[in-house]
Amino acid sequence: MRRRGLLVLLLPGLALLLAGFLVPALIMVLAPPGTTTAEVFSRLVRMLGDPYDLTIIARTVGLGLVVTVTCVVLGFPIAYLLARSQSRWAGVLLAVAIFPLLLSNVVRTFGWLVVLGSEGAIGQTLVALGIVDEAPQLLYTPLAIVLGLVQLFLPLAVVSCYSALAQVDANLDEAARGLGAGRARTFWTIVVPLSWPGVVVAATLVFAGSVTAYTTPYLLGGSRQRMLSTQLFQYSSSTIDWAAASATAVIMTVLVFGVAALSTVMGRRSRTS
Amino acid sequence: MNTRRPVAASLAVLGYIVMIAPLIFVVITAFTAGSTVRFPPDGFSFRWFEAAVTYEPFMSALLSSLQLAVVASAGSLALGVPVALAIHRGRIPGKGLLEGLFLSPLIVPELVVGLALYQQFMIGLGLNNLTTLVIGHTVLMFPYAVRVTGASLALIDPAVEDAARGLGASPMRTFVTITLPLLRPGIFSAALLSFVTSFNNVPLSLLLQSRDFRTLPVTMLDYVQQNYDPIVASTSVLILVGTVLIAVVAERTVGFAKIFGGINR
């Protein structure tokens with residue numbers, strides 16, 4: 001392909017990417033409306049020393065970690081059983097696990113309001129069984145956010161683990177067991193190490209998704225359980241504090257890039273060892 | 001249930017319950033005859049479905065969301081497929097970097113992108129929210145266009161294209177008669193992923209809403225915050241049914257798992 005042809009193919013897309021994404025994102029950090037770069041960075045430093053802001057950061061990272069571990073612990077077995085199953089139901093079950101990725105987060109999260117709300121399924125069942133007199137407060141708790149985020153990101157964990165496990169030859173399991181290894185030993189010495197890159201990808205996607213999700217913490221955490229995302233929206237829509245909004249955006253972005261970099265390192269290490 | 005692996009099977013069952021159970025409760029609630037979201041529901045009726053399809057704010061938002069998703073998907077394909085072609089067929093330095101650049105909208109938090117566009121385009125340049133939404137969604141859908149069509153482009157043997165050109169076809173004709181037909185499943189996957197992602201998007205659209213043009217998910221989110229009646233449940237069931245139809249079409253045409261494998265790798 002000649003050079004001019006290549007430019008014709010590349011330039012329009014590149015122009016929109018720069019004008020509609022990279023440049024605005026840079027300006028947002030360096031010169032938000034009415035403030036200065038220095039203001040954003042001094043705000044950033046202040047946030048990292050402020051107990052209230054630190055609580056929000058810690059909650060975001062902490063819940064993100066809990067969600068990530070839960071999604072891997074529940075998602076890997078699903079992927080493993082589906083990848084090793086000969087049943088024709090495996091395909092259907094895989095589709096059922098992936099399908100929610102197409103479905104609106106608002107719809108998926110709304111389900112938890114129906115389940116966890118004070119007039120909801122869990123509360124009313126407990127009352128009907130006489131276990132409690134009054135439905136317990138389940139909404140606007142960290143538990144509600146974790147449940148909502150696990151539901152949101154479990155399909156992603158299943159897909160990533162499944163695509164890694166599908167590439168691990170099932171004959172290797174048989175060989176290990178034929179050589180006298182037990183089921184558990186085969187699992188930990190053969191299946192897990194060989195599918196490790198998929199687990200790393202799953203964990204990265206789930207963590208990055210959890211610490212930046214908006215819909216779920218907004219609906220299930222409310223103003224009682226603020227996360228970085230809901231706080232960022234608060235700064236930019238009600239209090240209109242651009243420096244604080246930009247500083248929060250920087251923290252979120254650094255978190256996501258940090259975990260992406262970490263996962264690249266972990267993925268590389270697993271390949272060389 | 002797999003009885004030979006009790007631990008794995010129990011965890012898997014628990015996982016499916018967390019993924020699916022809330023949706024079942026939404027469906028049950030949508031058919032209530034009562035006026036609140038309560039469990040167990042008060043009787044059975046279709047009244048909330050009737051209410052949903054006649055509720056003007058949701059229906060006009062649905063139309064807005066559909067329009068935005070179609071325009072943004074078409075835009076990202078129109079600009080992204082040529083980029084995928086240049087990356088996979090052209091001899092250019094820094095291919096990896098270029099591909100990474102077009103995937104970067106997947107990594108930067110969407111709410112951050114939304115904030116940037118709100119500040120620079122709507123406040124700074126005074127663009128209206130529709131224009132800003134189209135630009136934002138198009139950029140956000142680039143990863144699907146570049147990655148998914150790129151992956152299927154990588155599977156097409158360049159020798160076929162060389163043969164066509166060797167027989168005298170112009171580059172344009174080669175693309176239209178040889179490459180494009182072979183690329184069709186990839187383009188279909190990318191279009192489907194972008195459409196669904198754009199239609200469902202909340203974080204990017206949140207700050208960019210206006211009274212004249214609001215998307216459905218953002219409108220529903222606002223509604224839930226102020227009212228708590230079963231109209232959201234019945235609207236959710238309608239979205240659920242639409243999404244199942246899309247999933248069935250995706251399964252019949254390209255294969256479901258394949259579509260999602262494309263963006264993960």
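Please read these numbers as outputs of a predicted model, since none were measured by experiment.
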Part of [X] lying under 4.5 Å from any heavy atom of chain A:
X       : value
L140(B) : neither
V27(B)  : neither
V83(B)  : both
F102(B) : both
L240(B) : both
V112(B) : both
V232(B) : both
A84(B)  : neither
S104(B) : both

Within the structure provided, determine whether [X] and [Y] are in side-chain contact (heavy-atom separation under 4.5 Å).
X       : Y       : result
L221(B) : Y214(A) : yes
S229(A) : T60(A)  : no
P100(A) : Q151(A) : no
V37(B)  : E119(A) : no
S234(B) : L238(B) : no

With chain A, which of [options] has the greatest number of heavy-atom pairs at distances under 4.5 Å?
options                            : result
I107(B), V218(B), T132(B), I135(B) : I107(B)
L207(B), L192(B), V113(B)          : L207(B)
V81(B), L206(B), I239(B), V26(B)   : L206(B)
L79(B), T138(B), T29(B)            : L79(B)
V196(B), V202(B), L115(B)          : L115(B)
V7(B), L101(B), I92(B), T197(B)    : L101(B)

Greatest number of heavy atom pairs closer than 4.5 Å to chain B - which of [options]:
options                           : value
V8(A), T212(A), V114(A)           : V114(A)
N105(A), T70(A), L101(A)          : L101(A)
V211(A), I122(A), L113(A), L22(A) : L113(A)
F187(A), W242(A), F257(A)         : W242(A)
V96(A), V256(A), L16(A)           : L16(A)
G75(A), A19(A), A97(A)            : A97(A)

- Query: Are the side chain of S65(B) and the backbone of L216(B) linked by a donor-acceptor contact shorter than 3.5 Å?
  - Reply: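 Yes; at least one donor-acceptor contact below 3.5 Å.
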
Against chain B, label [X] side chain, backbone, both or neither, depending on which of its atoms sit under 4.5 Å from a heavy atom there.
X       : value
L219(A) : side chain
Y80(A)  : side chain
V106(A) : side chain

Closest non-hydrogen atom pair, [X] against [Y]:
X       : Y       : value
P109(B) : T253(A) : CD-OG1, 3.9 Å
S205(B) : T215(B) : CB-OG1, 4.0 Å
L93(A)  : Y16(B)  : O-OH, 2.7 Å
M141(B) : S194(B) : SD-O, 3.6 Å
C71(A)  : A157(A) : O-CB, 3.7 Å
T204(A) : A260(A) : CG2-CA, 4.1 Å

- Message: A quick test of your reading: do over 12 heavy atoms of other residues, nucleotides or ligands sit less than 6.0 Å from OH of Y118(B)?
- Response: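 For Y118(B), atom OH is not crowded (no more than 12 foreign heavy atoms under 6.0 Å).
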
- Task: Verify whether the ring centers belonging to F58(B) and Y223(B) lie closer than 6.0 Å.
- Result: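 Yes, ring centres under 6.0 Å apart.
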
